[in-house]
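Below, read A as the first sequence line, B as the second, and so on, with proteins coming before strands; counting in each chain starts at 1. Worth knowing before you read on, the calculation uses all heavy atoms, side chains too, and leaves out hydrogens, waters and symmetry mates. Source: prediction; values computed, not measured.
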Amino acid sequence: MRHVLSVLVENEPGVLSRISGLFSGRGFNLDSLNVAPVLEEGVSLMTIVTRGDQQIIEQIVKQLRKLVTVIKVTDMQHSTTVEREMALIKVNATESNRAEILRIVDIFRCKVVDVSLDELTLEVIGDHGKVEAVIALLDRFGIKEIARTGTVALRRSMQPEK
Amino acid sequence: MEYSGARILLESLKKENVDVLFGYPGGAVLDIYHELSNHNDLKHVLVRHEQGAVHAADGYARASGKVGVCLVTSGPGATNTVTGIATAYSDSIPLVVLTGQVPTPLIGNDAFQEVDIVGITRPCTKHNYLVQDVSQLAATIKEAFHVARSGRPGPVLVDIPKDVQNQMYAFQYPERIKMRSYNPTYKPNNNQVRRAIELLSEAKRPLIFAGGGVISSNSAEDLGMLARSMQIPVTGSLMGLGAFPGDDPLWLGMLGMHGTYAANKAVSNADVILAVGARFDDRVTGKLSSFAAGAKIIHIDIDPTSIRKNVEVEVPIVGDCKLALQGLVTVQQTEFADVDWAGQYDEWNEQIKEWSVTHPVRYHKEESLKPQHVVETIFELTKGDAIISTEVGQNQMWTAQFYKFRQPRTLLTSGGLGTMGYGFPAAIGAQMAFPDKLVIDVAGDGSIQMNSQELMTAVSHKLPVKIVVLNNCFLGMVRQWQELFYDRNYCSTCMDAQPDFVKLAEAYGAEGYRVTEPSKLKETLKAAFASPLPCIVDVRVETEENVYPMVPAGASLEEMLLV
């Protein structure tokens with residue numbers, strides 16, 4: 001099962017290596033990891049996407065909390081969240097299929113951010129599923145390069161009763 | 001008043017009540033050693049290899065309960081500490097390891113004797129630090145000691161570049177620690193404590209399983225009180241030996257791969273297990289799916305990651321073992337005072353007694369010198385009033401089986417990592433903590449060769465540690481596995497090419513004894529134990545003796561190979 005973990009950490013040298021080392025050393029799955037400073041001075045937020053059964057996720061959360069530089073760990077599975085990731089996709093665009101690609105751009109509310117005679121570079125923003133869907137649809141035209149961010153997530157302000 | 005970084009470091013250590021450092025000088029710590037000569041209240045034990053320094057600090061910590069401290073130089077000095085650090089990490093031993101580092105402007109330049117020791121030790125320390133500026137030094141040392149000794153203890157490494165050591169700064173040792181991200185839970189949840197007693201009150205076949213956490217939290221007395229007032233039998237892991245008196249009628253001996261018949265039967269047939277400060281290591285559980293299959297488990301541990309890591313737990317209690325045990329006793333003696341605790345487990349205790357009587361740990365007593373007999377004789381001579389360290393392998397298991405540990409902190413052994421070469425330097429550290437105690441390293445002929453250079457340390461510091469080598473000319477435990485599981489193919493385990501241990505001792509200025517006949521064993525050990533010098537007693541034991549009971553790796557605890 002896919003889990004998004006929101007991890008507040010002290011922003012100091014080595015913190016990324018402590019976290020990635022924990023995942024590799026203990027054989028935990030790491031789908032994506034995104035890190036950037038937050039408003040509070042000296043603190044960064046890591047958004048980690050991982051997968052595993054309940055027992056493994058419980059271990060991952062506990063092991064993260066055990067790290068001395070980790071301030072707070074939230075398993076977003078327990079809340080309603082907004083999730084986003086972004087991908088830049090460079091796709092083959094010939095005269096014959098360019099129109100169809102642009103239709104996909106339109107449907108998924110992507111942006112064309114670079115154009116050449118035989119390529120389009122698209123920016124797609126959305127949750128993990130949307131980005132995957134766009135990639136799947138563009139695949140048949142020939143994707144030449146792709147650059148993706150990991151997932152970032154926040155809890156929604158209004159949480160439904162569970 | 002401004003001090004150099006080196007002096008700030010030493011003054012900080014004194015504020016932490018450090019009285020001894022185990023170390024080895026080198027280029028990147030010269031400033032600290034230069035300053036050290038001005039501080040007579042800080043003793044320094046000069047080892048012969050940095051690995052020995054860490055094991056010695058570890059032995060000091062296990063025996064005394066204080067934080068062990070070592071000081072080494074950068075590069076190879078630092079990398080030589082890694083095995084010692086990993087050993088301490090596996091067994092949750094509080095250490096502060098101070099390493100020198102090349103000057104900050106050179107870091108990352110592949111400078112002479114530069115290594116990224118903070119990177120290297122990240123997975124085997126509880127936490128580690130690189131001090132980038134002298135203004136941070138005192139606070140970092142304070143934090144390092146706090147992290148090392150609080151919560152689930154562990155080793156902490158502080159890497160101090162050479163230029164930081166000679167920068168000047170006003171020394172002020174911080175009064176308090178501010179760490180928003182580190183705050184171990186000590187106080188157990190009362191509801192969980194109550195649920196635990198409730199579960200025990202309904203149990204018919206309860207068992208207490210004591211781990212190293214009972215010792216590190218100094219709660220052996222509380223455990224004894226609980227077990228006796230409720231008449232619950234007690235077993236322990238290797239790390240838990242000494243947590244409950246080895247000669248108490250409720251004591252079943254160690255459980256697990258080389259555990260006693262009674263302990264393994266009890267754990268397999270119990271209906272409630274109260275695990276205290278244990279982590280259900282694979283050497284304890286055997287095949288997980290059949291481990292304690294009929295039992296509900298109550299698990300007390302200060303480290304939440306230990307709980308539900310390997311086994312399913314009915315009542316998790318996160319907190320300090322001492323506070324949790326005290327809480328259990330309080331609830332038992334107030335809310336559950338009218339339960340006939342002793343009476344309701346009568347049948348179970350009878351059953352356990354039968355297992356203990358019919359299958360005690362034993363060996364075939366023959367003409368030859370049996371290693372088990374050597375351990376028994378050491379116990380007979382010391383009556384349990386000694387600090388025993390072990391190396392790793394058969395010597396370690398026979399010590400666990402045949403020496404009755406009566407007090408906590410009297411067994412120093414590398415349980416988690418299984419580090420050969422640990423026992424002797426650890427004994428040196430323990431002897432530093434307790435100069436007047438008898439400290440004995442029960443060794444094998446293989447293990448002792450891994451750190452025998454520390455004989456010079458023991459002799460030069462007048463530390464009369466005794467090494468009893470159970471010499472079977474084999475890497476005995478590996479040979480045992482080869483015998484049982486690898487068609488007796490004794491590939492590379494025969495060690496009959498070995499030094500003359502008597503002469504080796506004498507070469508270092510220690511005393512050497514050799515025992516080849518059972519009749520001479522006791523008097524020779526007695527003489528060695530009475531000597532004011534470090535001694536090696538080379539005991540030529542039966543060469544192909546095996547450790548039994550044995551649960552083959554991956555088998556269930558009830559599938560024991562017996563004598």
Under 3.5 Å, which donor-acceptor pairs link chain A to chain B? Give each pair on its own line with the distance.
unit_1: A:E10; atom_1: OE1; unit_2: B:R180; atom_2: NH2; d: 2.9
unit_1: A:E10; atom_1: OE2; unit_2: B:R180; atom_2: NE; d: 2.9
unit_1: A:S17; atom_1: OG; unit_2: B:R122; atom_2: NH1; d: 2.4
unit_1: A:R18; atom_1: NH1; unit_2: B:N128; atom_2: OD1; d: 3.2
unit_1: A:R18; atom_1: NH2; unit_2: B:N128; atom_2: O; d: 3.0
unit_1: A:R18; atom_1: NH2; unit_2: B:N128; atom_2: OD1; d: 2.9
unit_1: A:E40; atom_1: OE2; unit_2: B:R180; atom_2: NH1; d: 2.9
unit_1: A:Q55; atom_1: NE2; unit_2: B:R308; atom_2: O; d: 3.1
unit_1: A:Q55; atom_1: NE2; unit_2: B:K309; atom_2: O; d: 2.9
unit_1: A:Q59; atom_1: NE2; unit_2: B:T305; atom_2: O; d: 2.7
unit_1: A:K62; atom_1: NZ; unit_2: B:P304; atom_2: O; d: 2.9
unit_1: A:K62; atom_1: NZ; unit_2: B:I307; atom_2: O; d: 2.7
unit_1: A:K66; atom_1: NZ; unit_2: B:D303; atom_2: OD2; d: 2.7
unit_1: A:V68; atom_1: O; unit_2: B:S181; atom_2: OG; d: 2.6

Honestly, the part of A:V68 sitting under 4.5 Å from a heavy atom of chain B is both

Looking only at A:G14, A:G25, A:P13, the option with the highest number of non-hydrogen pairs under 4.5 Å against chain B is A:G14

Against chain B, residues from residues 92-114 of chain A with at least one heavy atom under 4.5 Å, in numeric order, are none

Okay, B:L130 and chain A: the region with an atom under 4.5 Å from a heavy atom over there is neither

Whatever's closer than 4.5 Å to a heavy atom in chain A on B:P123 counts as neither

Whatever's closer than 4.5 Å to a heavy atom in chain B on A:I56 counts as neither

